[in-house]
Amino acid sequence: MFCCFGCWLFRDYICGMSVRVRFAPSPTGGLHLGGVRTVLYNYLFAKHHGGEFVLRIEDTDQTRFVPGAEEYIFNCLEWCGLTPDESPVHGGPYGPYRQSERKEMYRQYAEKLVTNGYAYYAFDTKEELEQMREQYKTEENPSPQYDHRIRRKMRNSLTLADDEVKALLESNTPHVIRIKMPEHDVVSFTDMIRGEVSFQTGLVDDKVLLKADGMPTYHLAVVADDYLMKITHAFRGEEWLPSAPVHLLLWKYLGWESSMPQWAHLPLILGPNGKLSKRDGAKYGFPVFAMNWTDPKINELTEGFRERGFLPEAFINMLAVLGWNDGTEKELYSLDELIASFDIKRVHSAGAKFDFEKAKWFNQEWLKRKDVQSLKYDVRTVLANNGIVADDDALLEKIIELVKERCTLLPDFVQQAGFFFKAPETLELDAVKPKWNDEKKQFFTEYIDVLKTVSTWDMSSVETAFKELAAAKSIKPGELQLPMRIMLVGGKFGPAVFQIAEIIGKDDTVKRMEYALSLL
RNA sequence: GCCGCGUUGGUCAAGGGGUUAAGACGCCUCCCUUUCACGGAGGAAUCACGGGUUCGAAUCCCGUACGUGGUACCA
């Protein structure tokens, strides 16, 4: 994997410089599709360029702390095979990687901005802010912002006298630090997937940078940490685009403009109506999170792709091509192939609607292309979860090979492979009854007797005996195969009947047929 | 409301001035198989709309509509 010539020609400045990207989730709950795709694109980009992928935990909102959420994120990444090079658990030279543990570092930057006139102290209480919003609310402006117009009317270091501000500060009055957005500037930048984007700064509000509890908000933290962690390319969801001008300005005001990362705002993944939510999953019956997640507060379980029976390879593959393609017709990629061909510039700028049917197709394809050995553990587990013990290794391997192309999701193996290990509990007799008659009953009674005498039990001897007897009785073999299948597997599915008979053995074959016959 | 981003079949999408507008999923028909799958052969779109620019526009420009995101001391 090496950089293409394009890097020189299109001034990416990627060659020769070490690429560092980051995924920065806030540990507030399950990791959904969009999150995993963001991780994936970060990871692919980094690995394509031989760079590092760091995972940073953005836990600056203490009120939203959810126990277990951070560990859950790590487990998801591990399942997906997207291991960070640096993180709170993997360590690294730029730690700590949890923002709550970096708390003390942020204040100095915020203060520096105040000193240089790019930010200011604001003493407004929650109530005062609410009152402001109420007061200035009009039909044309339903949600007034704390912006260049409003700030003149609020209690901050721009409106208060210096000694008053000083007194307030010295008496530890709760306050925040807000950025002072310029009134008439235009901020623009080149997004790696959208091209030139620009904003009028006067239309953006004075975002809080440092909260009253001393924690930074996302806006300050993301800039400071990306700088401190030497992030070269910053990818995040499209929902961040509107606050990008704040971040751009912060890089400039802090004097770090020359090391600002290149941005790419990823398109959203949409559900049946609007942004995909876990609610959609519950409503339409598909998973939205990578793995099962139980919200500890309300004890509510949200289903994961893993538990639904997806292979991580398929999950990753499906996500990669939801919004990206390499320009060829290729759709099936291993992680290594993705790393080799990924190009952030070929990511679509439009949001993509998630299609569960297509997701299943990817799993089916991966089931077909993966070898038996690598499927064995998962299949055994899913069978065990359904009370089927498959401890004979060689047998299990043979069966997986035989039935895997009939399965879409892992749990399908229960139906497709279960009957090899355990006689069916219910027989779909309705499928044979309409055409059942004494002749057929007679056939099977005699056939059972023949089978009992077969010396070498294999597919062909079972089949030969079957056909010979059918011929002798002048019954079309085809009319007898379905009944036999129902007797052995219980339903209209599975591989060739005689193959099944061979595998389950003489005793079981005879036993199942006799039992079924007794019901007919 | 304001701001940003987006708009090629039901879905994912290629294509970025001249093409019979690829391919995949799903759907339907047929073949293979007297199970179910797999596999194979077919079927279904005037590229949101309206104006330009041009000999020529899905492709470039401008509007409109629609969708979506933001507008928090949440990320």
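Throughout, protein chains are lettered first and strands after them, A, B, ... in sequence-line order, and every chain is numbered starting at 1.
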Colleague: What orientation do A:Tyr284 and A:Phe286 show, parallel under 30°, tilted 30 to 60°, or perpendicular over 60°?
Modeller: parallel

Colleague: Using a strict heavy-atom distance below 4.0 Å, which residues from residues 411-427 of chain A are in contact with RNA chain B?
Modeller: none

Colleague: List the protein contact pattern of nucleotides 40-50 of chain B with one symbol per nucleotide (5' to 3'): B for base contact, S for sugar-phosphate-only contact, - for none; contact means a heavy-atom distance under 4.0 Å.
Modeller: -----------

Colleague: Taking RNA chain B as the partner, which of residues 465-477 of chain A come within under 4.0 angstrom of it by heavy atom?
Modeller: A:Lys476, A:Pro477

Colleague: Indicate for each nucleotide in nucleotides 64-75 of chain B, in 5' to 3' sequence, whether protein heavy atoms under 4.0 Å reach the base (B), only the sugar-phosphate (S), or nothing (-).
Modeller: ----SBSBSBBB

Colleague: How would you list, by chain and number, every residue that makes a ring-ring contact (aromatic ring centres under 6.0 Å, His included) with A:Trp240, sequence neighbours excluded?
Modeller: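 Applying ring-ring contact (aromatic ring centres under 6.0 Å, His included) to A:Trp240 gives A:Tyr218.
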
Colleague: Using a 4.0 Å heavy-atom cut-off to protein, can you give one letter per nucleotide of nucleotides 23-29 of chain B, 5' to 3': B if the base is in contact, S if only the sugar-phosphate is, - if neither?
Modeller: SBB----

Colleague: For residues 427-436 of chain A, please give each side-chain donor-acceptor pair under 3.5 Å, one per line with the distance, not counting sequence neighbours.
Modeller:
none

Colleague: Can you give me the N/O atom pairs linking the protein to nucleotides 15-19 of chain B at distances under 3.5 Å, or say none if there are none?
Modeller:
from, atom 1, to, atom 2, distance (Å)
B:G15, OP1, A:Arg346, NH1, 3.3
B:G15, OP1, A:Arg346, NH2, 3.3

Colleague: In dot-bracket, 5' to 3', how would RNA chain B read with Watson-Crick or G-U wobble pairs under 3.5 Å, [ ] for crossing ones and | for pairs to another strand?
Modeller: ((((((((.[[[..)..(....]]].(((((.......)))))....[[[[[..)....]]]]])))))))....

Colleague: Can you list everything that forms a ring-ring contact (aromatic ring centres under 6.0 Å, His included) with A:Tyr41? Sequence neighbours excluded, please.
Modeller: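 Residues passing ring-ring contact (aromatic ring centres under 6.0 Å, His included) with A:Tyr41: A:Phe342.
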
Colleague: Which residues pass the ring-ring contact (aromatic ring centres under 6.0 Å, His included) test with A:Tyr120, sequence neighbours left out?
Modeller: none

Colleague: Taking A:Asn42 for the side chain and A:Thr38 for the main chain, is one N or O donor matched with an acceptor at less than 3.5 Å?
Modeller: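 Pair found, side chain donor or acceptor close to backbone of A:Thr38.
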
Colleague: Tell me, please, which residues at least two apart from A:Glu357 pass salt bridge (charged side-chain N to carboxylate O under 4.0 Å, His left out).
Modeller: A:Lys360

